[in-house]
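Comments concern the structure below.
Any value given below was found using the heavy atoms of this structure, including those in side chains, with hydrogens, waters and symmetry copies removed. Keep in mind the model is a prediction, meaning the values are calculated, not measured. Note on naming: letters A, B, ... go to the chains in the order of the sequence lines (proteins, then strands), and numbering restarts at 1 for each one.
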Protein chains: 2
Amino acid sequence: MESQLTTIRSIDPETAVNDTLAMTELSGFPTRKQLRDLKRREIVRCATVKFGTEGYENVTLEAIATELGVTKAALYNYCSSKNDLLMQCYELGMDRLVDAVETAMAGTGSAAERLAAGLKAYIVTMLRPDMQYLWSYTRPMVTSGDKRSVLDSRDKLDVMFRNMLNAGISDGSLRADLDPKLASLVILGAANWVGIWYRKGGGKSPSEIGAEVTGEALRGYLA
Amino acid sequence: MESQLTTIRSIDPETAVNDTLAMTELSGFPTRKQLRDLKRREIVRCATVKFGTEGYENVTLEAIATELGVTKAALYNYCSSKNDLLMQCYELGMDRLVDAVETAMAGTGSAAERLAAGLKAYIVTMLRPDMQYLWSYTRPMVTSGDKRSVLDSRDKLDVMFRNMLNAGISDGSLRADLDPKLASLVILGAANWVGIWYRKGGGKSPSEIGAEVTGEALRGYLA
DNA sequence: GCAATTTGATAACCGAGGGTCACTGAACTT
DNA sequence: AAGTTCAGTGACCCTCGGTTATCAAATTGC
């Protein structure tokens with residue numbers, strides 16, 4: 001059986017919005033390192049979709065390997081365990097989240113407006129079909145030791161929101177008496193909770209949900 | 001090996017606060033049904049502690065069985081699968097939560113005060129060591145089909161909070177313009193989020209955390 | 001009291017799936 | 001051309017959830 005790992009698969013526009021993979025396609029003569037890294041990311045991308053839509057414990061390494069046209073053992077060249085593979089998926093997901101929030105917050109409005117934009121982007125990104133189960137259903141599997149980079153990203157997000165809260169106090173668009181630490185806790189809590197209860201079919205689109213929850217979560221903090 | 005399932009184990013006061021098991025000890029000549037039910041609950045109690053403190057996927061049925069002094073196969077007289085056992089643990093946990101919140105909300109103050117008491121009780125209960133992983137780490141494993149009763153309890157809690165929010169609008173202790181549905185979402189989101197990031201050693205006790213988060217989550221809703 | 005039956009537990013086993021390892025063949029190096 | 005590196009293979013092991021045949025004790029019927 002010929003390995004398909006060397007093939008650059010077409011990117012599904014629905015699930016791959018803002019995916020960075022497409023931007024790093026091979027140019028001319030790929031080095032061994034480049035090829036290896038591309039394959040690794042292809043594995044992670046495949047695993048992310050499967051974990052995200054089917055749930056971690058319902059996906060076998062065999063299934064991932066088959067889908068990629070290789071054997072299970074081959075995967076172990078790119079990850080040290082199934083949990084490690086999940087970790088790499090988390091990193092990918094975290095990067096997406098950070099990117100989305102960063103972009104949304106880069107606007108020019110008041111801090112309150114940019115905070116709202118960032119929060120909405122956070123929620124919408126989290127509700128992407130292939131992020132769904134990844135966040136709400138398998139965060140658990142992140143075992144100690146491995147999870148450093150994930151926690152780093154989480155902290156990074158937390159800091160981004162806290163900074164924006166502080167900026168809001170400074171520019172007067174948010175109440176001066178709010179505690180950024182506690183407020184970011186409540187805000188992110190509300191946002192993350194959406195990922196738990198939201199299921200397609202509730203009638204509302206992720207974008208609508210994002211806007212509604214954002215409005216509600218920030219209501220008490222506006223100046 | 002003699003079965004220890006017939007022994008009523010002493011209740012650890014730390015983890016068994018409000019546990020209903022102690023109230024149903026056998027009286028005189030236990031019937032077969034009573035004995036069976038007692039054993040079932042003893043299994044669930046043991047599993048709850050282990051799942052809660054070690055994490056679902058790190059606990060083998062073998063380990064639970066050994067701790068109870070029986071074989072793994074014996075457990076299958078009381079549950080149909082490992083996941084079903086987890087479900088029963090969730091029910092136990094949910095009952096604890098509902099009890100705690102109900103009791104806390106039964107006071108005589110304003111609706112806002114009772115809401116705060118209920119929310120704090122919710123958080124504190126959730127932070128019990130043996131509830132920790134159960135909530136934040138294994139909610140995922142609840143697979144469709146089985147999970148009806150758990151969702152019922154969750155709905156029940158949601159309704160309790162929504163009712164109290166409505167009561168607060170009526171008695172004027174909460175802002176008249178709040179949307180109970182969205183508000184309960186944000187409030188419970190913030191509360192549940194605590195279970196994710198809280199780890200012993202942060203210096204603050206569950207009670208302090210509960211009070212702080214409660215204050216913050218309700219701040220925007222007070223009249 | 002003594003068979004017949006029901007119940008709860010056991011030991012032995014099965015199969016899925018995560019993880020390992022000796023080896024192979026192709027690509028790169030010299 | 002010979003040696004070296006390395007991704008990938010196939011066969012294998014082990015853990016653990018789940019099943020089944022069987023047995024002993026308690027319960028019931030006569």
Side-chain angles (χ1 to χ4, degrees), chain A residues 1-7 26 28-44 46-47 50-51 54-89 138 141 143 145-146, chain B residues 1-7 26 29-44 46-47 50-51 54-89 138 141-143 145-146:
Chain A
M1 182 189 304
E2 187 173 0
S3 167
Q4 297 177 1
L5 272 178
T6 52
T7 340
L26 305 178
F29 301 96
T31 69
R32 208 119 157 181
K33 269 262 182 291
Q34 288 176 322
L35 209 51
R36 182 180 172 79
D37 196 53
L38 183 72
K39 289 182 191 176
R40 194 188 61 80
R41 282 191 298 182
E42 178 61 10
I43 290 172
V44 171
C46 175
K50 288 188 86 66
F51 288 160
E54 299 169 34
Y56 179 74
E57 54 277 2
N58 302 319
V59 176
T60 68
L61 292 180
E62 198 60 53
I64 294 174
T66 303
E67 191 158 320
L68 292 168
V70 290
T71 62
K72 179 177 60 168
L75 299 181
Y76 281 84
N77 282 320
Y78 300 92
C79 64
S80 61
S81 69
K82 190 186 182 186
N83 189 74
D84 174 55
L85 182 54
L86 176 65
M87 290 304 310
Q88 296 189 37
C89 293
T138 57
M141 310 278 166
T143 58
D146 286 329
Chain B
M1 182 188 306
E2 187 173 0
S3 169
Q4 297 177 2
L5 274 178
T6 52
T7 340
L26 305 177
F29 302 96
T31 69
R32 205 116 160 186
K33 270 265 181 289
Q34 288 177 323
L35 207 52
R36 182 181 173 79
D37 196 53
L38 184 72
K39 289 181 191 175
R40 194 188 61 79
R41 282 191 297 184
E42 178 61 9
I43 291 172
V44 171
C46 174
K50 289 188 85 67
F51 288 160
E54 300 169 33
Y56 179 73
E57 54 277 2
N58 301 319
V59 176
T60 67
L61 292 180
E62 198 59 55
I64 295 174
T66 304
E67 190 158 320
L68 292 167
V70 290
T71 62
K72 179 178 61 169
L75 299 181
Y76 281 85
N77 282 319
Y78 301 92
C79 65
S80 60
S81 69
K82 189 185 182 185
N83 189 75
D84 174 56
L85 182 54
L86 176 65
M87 289 304 311
Q88 296 190 38
C89 293
T138 58
M141 310 280 167
V142 180
T143 59
D146 286 330

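B:Glu62 places its CD atom 13 Å from the P atom of C:dA12, with the value rounded to the nearest Å. The nearest whole Å value for the distance from the CG atom in A:Asn83 to the P atom in C:dG19 is 8 Å. Rounded to an integer number of Å, the gap from A:Arg40 CZ to D:dG8 C1' is 18 Å. For the pair A:Leu85 CG and C:dG19 P, the computed distance is 10 Å after rounding to whole Å. Per the geometry, CG belonging to A:Leu86 stands 18 Å off P belonging to C:dG17, to the nearest Å. Atom CG of A:Leu75 and atom P of C:dT20 are 13 Å apart (whole Å). Rounded to whole Å, the distance from OH on A:Tyr76 to C1' on C:dA22 is 18 Å.
Within the 4.0 Å cut-off from OP1 or OP2 of D:dG8, at least one side-chain nitrogen or oxygen of A:Tyr78 is found. In terms of phosphate contacts, A:Arg36 brings no side-chain nitrogen or oxygen within less than 4.0 Å of OP1 or OP2 of D:dC6. Residue B:Asn77 places no side-chain N or O under 4.0 Å from the OP1 or OP2 atom of C:dG8.
Relative to the side chain of B:Lys72, the nucleotides D:dA7, C:dT10, D:dG18 differ in distance, and D:dG18 lies closest. The A:Ala73 side chain lies nearest to D:dG10 when the options are C:dG18, C:dA11, D:dG10. Distance from the side chain of B:Lys39 is smallest to C:dG8 among C:dG8, C:dT20, C:dT10.
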